[in-house]
Amino acid sequence: MIDICKSFPGVKALDHAQLKVKPGSVHSLMGENGAGKSTLMKCLFGIYHRDSGDIIYNGRSISYNSSKEALEDGIAMVQQELNQANKMSVQDNLWLGRYPMRFGAIDGVKMYTDTNRVFAQLGIMGIDPKAIIGGLSVAQRQMVEIAKAVSYDAKVVVFDEPTSSLSDKEIDQLFKIIAKLKKKGCGIVYISHKMDEILKISDEVTIMRDGKWVRTDKAKDLTMGIIIKSMVGRDLTSRFPPHESHPGAVALQVEHLSSLYGNNAIHDVSFTLRKGEILGLAGLVGAGRSELLETIFGVRTKSEGRMFKDGAPVSNDTAMESIKNGFALLTEERRATGIFGVLTIKENSTMAALSKYMTPWGLDNGHMEEDTQWVIDSMSVKTPSSKTQIKSLSGGNQQKVIFGRWMLTDPDILLLDEPTRGIDVGAKYEIYQLIIKMAQEGKAVIMCSSEMPELMGVCDRIMVMSNHRLAGIVEGKDITQEKLMSLSLRYM
């Protein structure tokens, strides 16, 4: 990819960007959110049309009008935000647009067999090809998307944040898949903010900043320090901000909480959360972490148990009731349950706090604009204006807007489900600072994360879920990765 330029209204997303990928190699692409990584790959994949520059693939200049053309020519992409037909089956999603046919009709038997064959080749287990994909976990849906890309027998495969919702075991499986592709001569483009992964699997690394190429190096010649400085243009001496915690009175008491929804139900969970405390929530993918937060917030129906806020009972039977009670929930899947893609940043920012803008004559637009600008400034959102559609922002900037949305409701208890998922190291640090600042102001925070170092670096205590039960709570001074993993496996 040579001198690729791409502009959107009010912003130049790519400015003479460069990338050179060799067959049989893993080439990682790094940069802050908004650096242009995903935009560059979408130009390759036919989702966007570049304004200028050239793409040479197997010695010929290419320009695809659609992702279908790219796939048929041997270029596949596993995108960061899953874009699947949620009400259709796994096998339908895998073969959509290229169904096996027999006597003019879809050959269901062959489709089922071919799906199992692809899964077996990749070592993917436990996913029924006939299951409705919307009912699977985020991690399982991600593995289906990876299988779909590989099923095209592609010569170039792009992985955009593929491990953001995978467990350690699933990440190992993904790396085995990548090793197989590499051995077959595929060129792999790997986008991730996880530097330990990058240094582990990459042959070469290209770093971008503000839509421009910064440098390309062999992975063995790089360190985390070099990568961070190249990405953000400055030294970042510590991954986590220093902080002191002074937890106060009990803000939330949960007693014997259980929920409905069959295999995804949580069972008999009890804990306390104090004002000024950041309580971590750990566990393997599928352990019930998200289900616990959603039950507390009222988007899942509780079957048993009681909750008390500041000593008074709260039911939180609906999300609206929870917001009125001073709760906020930042969900794991920002595209599916976080953003309103076709609406503006202003509309997304003020959505949860509309009542505060109500006047006898309608909504106070000036007040809404003022608060939206606060979100943009305080969260360092990269956007041309508050009127920009949120779907045109990078994933990390979308996450910052959602975070700002909840800040505008002034919550007492903040439930964060993977708050830094798909966010670069510089933006992560800003989110950590914000979480710590909220705790220092007396807010109570529960923070769920799949990254143990993140929980250990930010949280005062960590509770661990195992098979939808609370396996234990570890105090700050006693926290080790070994203890957390041991508790994660307690009820498996």
Side-chain angles (χ1 to χ4, degrees), residues 4-15 17 31-43 47-52 79-83 160 208-212 319-320 323 328-331 333-411 419-424 426-427 430-431 434:
I4 306 298
C5 294
K6 176 64 181 176
S7 294
F8 298 100
V11 61
K12 189 160 191 174
L14 295 174
D15 187 359
E32 288 190 280
N33 289 110
K37 309 180 299 293
S38 296
T39 303
L40 184 64
M41 291 301 95
K42 286 175 180 177
C43 287
I47 297 172
Y48 293 154
H49 292 288
R50 61 190 183 272
D51 298 333
S52 61
Q79 297 187 55
Q80 179 181 350
E81 302 290 354
L82 298 175
N83 192 12
D160 192 353
M208 296 179 65
R209 186 168 70 240
D210 299 328
K212 300 176 182 178
M320 185 64 73
I323 293 170
L329 171 64
L330 191 145
T331 58
E333 286 192 84
R334 59 176 164 259
R335 181 168 181 167
T337 57
I339 66 166
F340 298 85
V342 297
L343 300 184
T344 65
I345 291 170
K346 182 181 83 172
E347 290 161 337
N348 273 275
S349 297
T350 55
M351 185 71 65
L354 282 179
S355 59
K356 75 189 249 189
Y357 308 112
M358 292 298 292
T359 73
W361 306 276
L363 292 171
D364 185 342
N365 191 60
H367 190 187
M368 292 171 72
E369 284 285 0
E370 187 179 301
D371 279 357
T372 303
Q373 196 57 49
W374 176 87
V375 169
I376 292 170
D377 294 340
S378 62
M379 304 289 147
S380 302
V381 179
K382 291 181 180 177
T383 176
S385 78
S386 63
K387 295 180 177 64
T388 301
Q389 283 189 336
I390 196 169
K391 68 179 182 182
S392 69
L393 302 186
S394 69
N397 282 301
Q398 290 174 4
Q399 188 80 318
K400 291 179 186 179
V401 172
I402 300 169
F403 214 103
R405 172 199 297 164
W406 289 117
M407 297 304 98
L408 293 178
T409 69
D410 193 25
T420 65
R421 178 184 168 205
I423 293 180
D424 64 77
E430 293 168 358
I431 295 291
L434 189 64

Is there side-chain contact between [X] and [Y], with at least one heavy-atom pair below 4.5 Å?
X	Y	result
Thr383	Asn397	no
Ser386	Ile376	yes
Glu347	Met368	no
Met358	Leu363	yes
Leu434	Met379	yes
Ile339	Ile402	yes

Could you check whether any side-chain N or O of [X] sits under 3.5 Å from a backbone N or O of [Y], counting only pairs where one atom can act as donor and the other as acceptor?
X	Y	value
Gln373	Glu370	no
Trp406	Leu329	yes
Arg405	Gly338	yes

How far apart are the closest heavy atoms of [X] and [Y], and which atoms are they?
X	Y	result
Ala17	Gly211	CB-O, 3.9 Å
Lys387	Glu369	NZ-OE2, 3.7 Å
Leu14	Cys43	CD1-SG, 4.0 Å
Glu430	Ser380	OE1-CB, 3.8 Å
Gln399	Pro419	NE2-O, 3.0 Å

Name all residues meeting the side chain to side chain donor-acceptor pair (under 3.5 Å) criterion together with [X]; count only those two or more places apart in sequence or in a different chain, and write none if there are none.
X	result
Thr331	Thr337
Thr39	none
Lys346	Asn365
Gln389	none

Can Thr359 and Asp364 be counted as having a side-chain donor-acceptor contact under 3.5 angstrom? no

By side-chain contact (heavy atoms from CB on, under 4.5 Å) - contacts of Val401 (at least two apart): Ile345, Asn348, Ser349, Val381, Ile390, Leu393

Partner residues of Lys212 under the side-chain contact (heavy atoms from CB on, under 4.5 Å) criterion, sequence neighbours left out: Asp15

With sequence neighbours left out, write down each residue that passes salt bridge (Lys or Arg N to Asp or Glu O under 4.0 Å) with [X], or none if nothing qualifies.
X	value
Asp210	Lys382
Lys42	none
Lys356	Asp371
Arg50	Asp54

Pairs where residues 353-394 contributes a residue and the test ring-ring contact (aromatic ring centres under 6.0 Å, His included) is met, not counting sequence neighbours: Tyr357-His367

Starting at CG of Leu330, measure out to CD1 of Ile431 and round the result to the nearest 0.5 Å. 8.0 Å

